[in-house]
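Start at 1 with the first residue, then count along the sequence. Just so it is clear, the model here is predicted, and its values are computed rather than measured.
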Amino acid sequence: MSKTNTPVESQPMDAGSMVTAERHVLADALFNAGPDAPTLCEGWQTRHLLAHLILRESKPDAVAGIALPFLADRTDRLTNEYADKLRDEDVYEDAINTFVELLGYFKMRENRPQLDANMNLIEYFVHIEDIRRADGQWEPRKLQPEIQQKMWAALTKRARLMAGKKYKDGLVLAAPGYSPDSVTVISPKPGTRATVLTGEPGELVLYLFGREQARAQTS
């Protein structure tokens, strides 16, 4: 496999273009890192991450344990079994091609690009950074404003479910320069002050996904 060519956008990006761009960046990150590189996902090397991505988009029953705890052992076993096959660099590189070419559930990349973006844009972004930031030596990646805005819109809808247990006294997310510039995710209780997380949408995504390397400011 040769390095994929990440699309360069000169015009405003639609949902399909956004998720396609991030998928290619993720494929490049996987390719450049090789199968045994560390990631921010505890216990996973890049081959485990690739196995997860392919199973997630081709055999959703195999990764059901992510949402259903009683199936977690099965999901871990299937992911590890697939990752073991990806130790071989040629097999690993072929699998990256497989990932890039997957059409998603019900060919949604062709038929429903908006659904593809809703399901995968944040997923791809987080896993790109799981690879990039794993060794502690990284620089912020400049994202298209449209991608940041799209992630911000998705995050404001998902943040309460992601953060509700951790921020019981209230949570406000602020992303200056984006619309809206702040969102009250959890209203503060009387006599308490909500935690305010401020940063670029992508950094807020990483912060709420538990990646300590996120550069969101907390006040």
Side-chain angles (χ1 to χ4, degrees), residues 1-33 35 39 41 44 46-68 71 75 78-79 81-83 85-86 90-132 141-159 161-162 178-179 201-202 205-206 209:
M1 171 184 167
S2 60
K3 182 179 178 180
T4 62
N5 293 318
T6 303
V8 176
E9 299 292 340
S10 58
Q11 299 179 354
M13 304 174 75
D14 59 20
S17 297
M18 293 180 204
V19 74
T20 296
E22 288 296 278
R23 184 165 62 252
H24 280 81
V25 172
L26 177 52
D28 285 349
L30 288 162
F31 177 77
N32 291 332
T39 75
C41 302
W44 278 8
T46 38
R47 56 192 171 85
H48 298 87
L49 182 51
L50 179 56
H52 160 74
L53 288 164
I54 293 175
L55 291 174
R56 177 178 174 272
E57 296 194 25
S58 62
K59 298 181 179 180
D61 61 305
V63 293
I66 295 173
L68 302 172
L71 292 175
T75 292
L78 293 174
T79 301
E81 287 175 355
Y82 193 1
K85 297 177 182 178
L86 300 180
D90 289 337
V91 177
Y92 175 81
E93 291 177 7
D94 285 344
I96 295 175
N97 283 329
T98 296
F99 165 64
V100 171
E101 294 168 3
L102 284 172
L103 293 178
Y105 312 128
F106 307 110
K107 297 184 178 180
M108 66 180 179
R109 288 182 183 159
E110 292 181 348
N111 303 324
R112 301 190 67 184
Q114 185 68 52
L115 177 61
D116 187 18
N118 290 343
M119 290 186 63
N120 292 316
L121 186 61
I122 283 180
E123 176 86 6
Y124 294 166
F125 169 77
V126 169
H127 289 321
I128 290 166
E129 299 308 313
D130 282 337
I131 298 168
R132 293 183 69 249
R141 186 164 59 98
K142 186 172 178 59
L143 294 174
Q144 292 279 358
E146 296 97 330
I147 292 179
Q148 292 275 22
Q149 181 63 55
K150 183 70 174 177
M151 288 199 295
W152 178 232
L155 181 63
T156 57
K157 295 176 182 177
R158 296 167 57 177
L161 181 62
M162 295 168 61
Y178 296 91
S179 179
V205 165
L206 290 168
F209 267 81

S.K.: If you take all heavy atoms of Leu102 and Ser58, which pair is closest and at what distance?
M.R.: CD2-CB, 4.2 Å

S.K.: Are side-chain heavy atoms of Leu155 and Met162 found at a separation under 4.5 Å?
M.R.: yes

S.K.: In a check of side-chain contact (heavy atoms from CB on, under 4.5 Å) between Met108 and each of Asn120, Leu103, Asn118, which one passes?
M.R.: Asn120

S.K.: If I compare all heavy atoms of Pro113 with all of Gly16, which pair ends up nearest, and what's the gap?
M.R.: CB-CA, 3.8 Å

S.K.: Taking all atoms of both residues into account, what is the closest heavy-atom pair of Ala51 and Leu86, and its distance?
M.R.: N-CD1, 4.0 Å

S.K.: Measuring only between side-chain heavy atoms, which start at C-beta, is Arg158 closer than 4.5 Å to Ile122?
M.R.: yes

S.K.: When rounded to the nearest 0.5 angstrom, what distance separates OH in Tyr105 from CG in Asn111?
M.R.: 15.5 Å

S.K.: Which atom names give the shortest non-hydrogen contact between Leu26 and Leu53, and what distance separates them?
M.R.: CD2-CD1, 3.7 Å

S.K.: Quick one: NE2 on His127 to CG on Leu30, what's the gap to the nearest 0.5 Å?
M.R.: 10.0 Å

S.K.: Roughly how far, to the nearest 0.5 Å, is the CG atom of Asp130 from the CH2 atom of Trp44?
M.R.: 9.0 Å

S.K.: What do you reckon, are the aromatic ring centroids of Phe99 and Tyr124 less than 6.0 Å apart?
M.R.: yes

S.K.: Side chains of Leu206 and Phe125, heavy atoms from C-beta outward: is any pair under 4.5 Å?
M.R.: yes

S.K.: For Glu22 and Leu143, run side-chain contact (heavy atoms from CB on, under 4.5 Å): C-alpha distance rounded to whole Å, both residues' side-chain angles, the deciding distance at 0.1 Å, then the answer.
M.R.: CA-CA 10 Å; Glu22 288 296 278; Leu143 294 174; 4.0 Å; yes

S.K.: Can you name the nearest heavy-atom pair linking Gln149 to Ser179, along with the distance?
M.R.: NE2-O, 2.8 Å

S.K.: CG of Leu50 to CD1 of Ile96: how many Å apart, nearest 0.5 Å?
M.R.: 6.0 Å

S.K.: Got Tyr92 and Thr46 here, is their nearest side-chain heavy-atom distance under 4.5 Å?
M.R.: yes

S.K.: Quick one: pull up OH in Tyr82 and NZ in Lys59 and give me the separation to the nearest 0.5 Å.
M.R.: 8.0 Å

S.K.: Side chains of Met18 and Gln144: does their closest heavy-atom pair fall under 4.5 Å?
M.R.: no

S.K.: Of all heavy-atom pairs between Met13 and Ala21, which one has the smallest distance, and what is that distance?
M.R.: CE-CB, 3.9 Å

S.K.: Less than 4.5 Å apart, side chain to side chain, heavy atoms only: is that true for Ile66 and His52?
M.R.: yes

S.K.: Enter the distance from Ile131:CD1 to Asn32:CG here, rounded to the nearest 0.5 Å.
M.R.: 9.5 Å

S.K.: Between Glu57 and Arg23, does any NZ, NE, NH1 or NH2 come within less than 4.0 Å of an OD or OE carboxylate oxygen?
M.R.: no

S.K.: Measure the shortest side-chain to side-chain distance between Ile128 and Arg141 over non-hydrogen atoms and say whether it is less than 4.5 angstrom.
M.R.: yes

